[in-house]
Amino acid sequence: MKLPAEFLKGIIRQNPIFVLALGLCPVLAVSTSVSNALGMGAAATFVLVGSNCIISLIKNVVPDKIRIPCFIVVIATFVTIAELVMRAYSPALNRALGIYVPLIVVNCMVLGRAEAFASRRPFLGSLADGLGMGAGFTLGLALISSIRELLGAGELLGYTLFPGFKPALMMALPPGALLVIGMMLGFFNLLKGRKE
């Protein structure tokens, strides 16, 4: 498969949130603001790209019996790097994301890409897959969080867009996340059905 198609696959055809419905735990938790979503998306993309690349390079020397534990160690290494960088350079974002950055280690999206793709493909394909899946995850998070922040707080990135708008508190709470994700999943399924 060509590298641009491999990259675009993660954004459109196999979007981790809207098509594969993977990694929804952090989506529900951190999508209250666009800044949180972008921070989580950047961390997840870094982990996806780094772990995909390393796993693609070591796939032939890791015995099958210990493949998954080795993948988890590689993923955990990149998560630790992301968390330490975030803690050093953006402590407010690190506090806002809380436990959800360390939980990237067990995110089914990251482990699934390592097992289903990076362990079976060459380096450049794994790099393109990690970038595409990370971009798709980040775009999905940004879309959901912008809807929730706009409707739940009446602002976007700290700017009030509609003066006098009465925000719906439910959109800032977990039921709002479920509602927005459900509606977006339905929308993308509708689009997929029309193409078929």
Side-chain angles (χ1 to χ4, degrees), residues 9-48 72 75-76 79 82-83 86-87 90-114 116 130 132-196:
K9 167 192 75 178
I11 298 173
I12 302 167
R13 281 183 312 139
Q14 292 184 13
N15 184 287
I17 297 173
F18 300 127
V19 177
L20 301 177
L22 294 174
L24 293 182
C25 177
V27 174
L28 291 169
V30 304
S31 63
T32 55
S33 73
V34 175
S35 59
N36 288 355
L38 294 176
M40 177 57 86
T45 301
F46 172 75
V47 172
L48 273 166
I72 291 173
I75 294 166
V79 168
E83 185 178 18
M86 196 178 294
R87 189 179 299 167
S90 185
L93 179 63
N94 186 54
R95 280 191 302 278
L97 297 179
I99 190 67
Y100 296 101
V101 173
L103 283 176
I104 293 173
V105 173
V106 293
N107 190 315
C108 56
M109 173 186 63
V110 178
L111 190 56
R113 295 321 297 168
M133 286 292 169
F137 184 71
T138 304
L139 289 172
L141 263 174
L143 179 62
I144 292 167
S145 64
S146 61
I147 293 169
R148 288 186 67 200
E149 186 175 2
L150 189 60
L151 296 177
E155 54 187 39
L156 196 60
L157 290 169
Y159 296 103
T160 302
L161 299 180
F162 306 110
F165 174 76
K166 299 288 184 198
L169 179 62
M170 183 188 88
M171 297 307 289
L173 298 172
L178 290 170
L179 181 65
V180 171
I181 290 172
M183 293 182 78
M184 296 304 296
L185 282 169
F187 175 74
F188 279 94
N189 281 332
L190 179 70
L191 288 180
K192 184 179 176 184
R194 285 187 178 180
K195 284 185 179 181
E196 293 172 356

Just to verify, what does Ser31 make a side-chain hydrogen bond (donor to acceptor under 3.5 Å, both in side chains) with, not counting sequence neighbours?
Arg148

Just grab all the salt bridge (Lys or Arg N to Asp or Glu O under 4.0 Å) pairs involving residues 156-182, residues at least two apart or on different chains.
none

CG of Leu24 to CG of Leu185, rounded to nearest 0.5 Å, is 7.0 Å

Would you say that more than 12 heavy atoms from the other residues, nucleotides or ligands in this model lie under 6.0 Å from the CE of Met183, or not?
no

Calculate, to the nearest 0.5 Å, the distance between atoms CZ and CD1 belonging to Arg113 and Ile75 respectively.
12.0 Å

Show the nearest heavy-atom pair for residues Thr32 and Ala172, with the distance to one decimal.
CG2-O, 3.6 Å

Mind running side chain to side chain contact (heavy atoms under 4.5 Å, CB included) on Leu20 and Asn15 for me, showing each step along the way?
CA-CA 6 Å; Leu20 301 177; Asn15 184 287; over 6 Å; no

My understanding is that only residues two or more places apart in sequence, or in another chain, count here; which of them pass side-chain hydrogen bond (donor to acceptor under 3.5 Å, both in side chains) with Asn94?
none

Is there side-chain contact between Lys9 and Met133, with heavy atoms separated by less than 4.5 Å?
yes

Given side chains that start at C-beta, do those of Met184 and Ile17 come closer than 4.5 Å, heavy atoms only?
no

Side-chain atoms of residues 95-110: list all donor-acceptor pairs with protein atoms under 3.5 Å, sequence neighbours left out, distances to 0.1 Å.
residue, atom, partner, partner atom, Å
Asn107, OD1, Met109, N, 2.8

Just verifying a value: how many Å separate Leu150 CG and Ser33 OG, rounded to the nearest 0.5 Å?
13.0 Å

Which pairs of donor and acceptor atoms, one on a side chain in residues 136-144, lie under 3.5 Å apart (sequence neighbours left out)?
residue, atom, partner, partner atom, Å
Thr138, OG1, Gly41, O, 3.2
Thr138, OG1, Thr45, OG1, 3.3
Thr138, OG1, Gly134, O, 2.8

Assess whether atom CZ of Phe165 is packed by more than 12 heavy atoms of other residues, nucleotides or ligands within 6.0 Å.
yes

Minimum heavy-atom distance between Ala82 and Ala43, given as atom pair plus value
CB-CB, 4.4 Å

Among all residues two or more places apart in sequence or in another chain, which pass the side-chain hydrogen bond (donor to acceptor under 3.5 Å, both in side chains) test with Ser146?
none

How many angstroms lie between CG in Leu151 and CG in Leu169, if you round to the nearest 0.5 Å?
12.0 Å

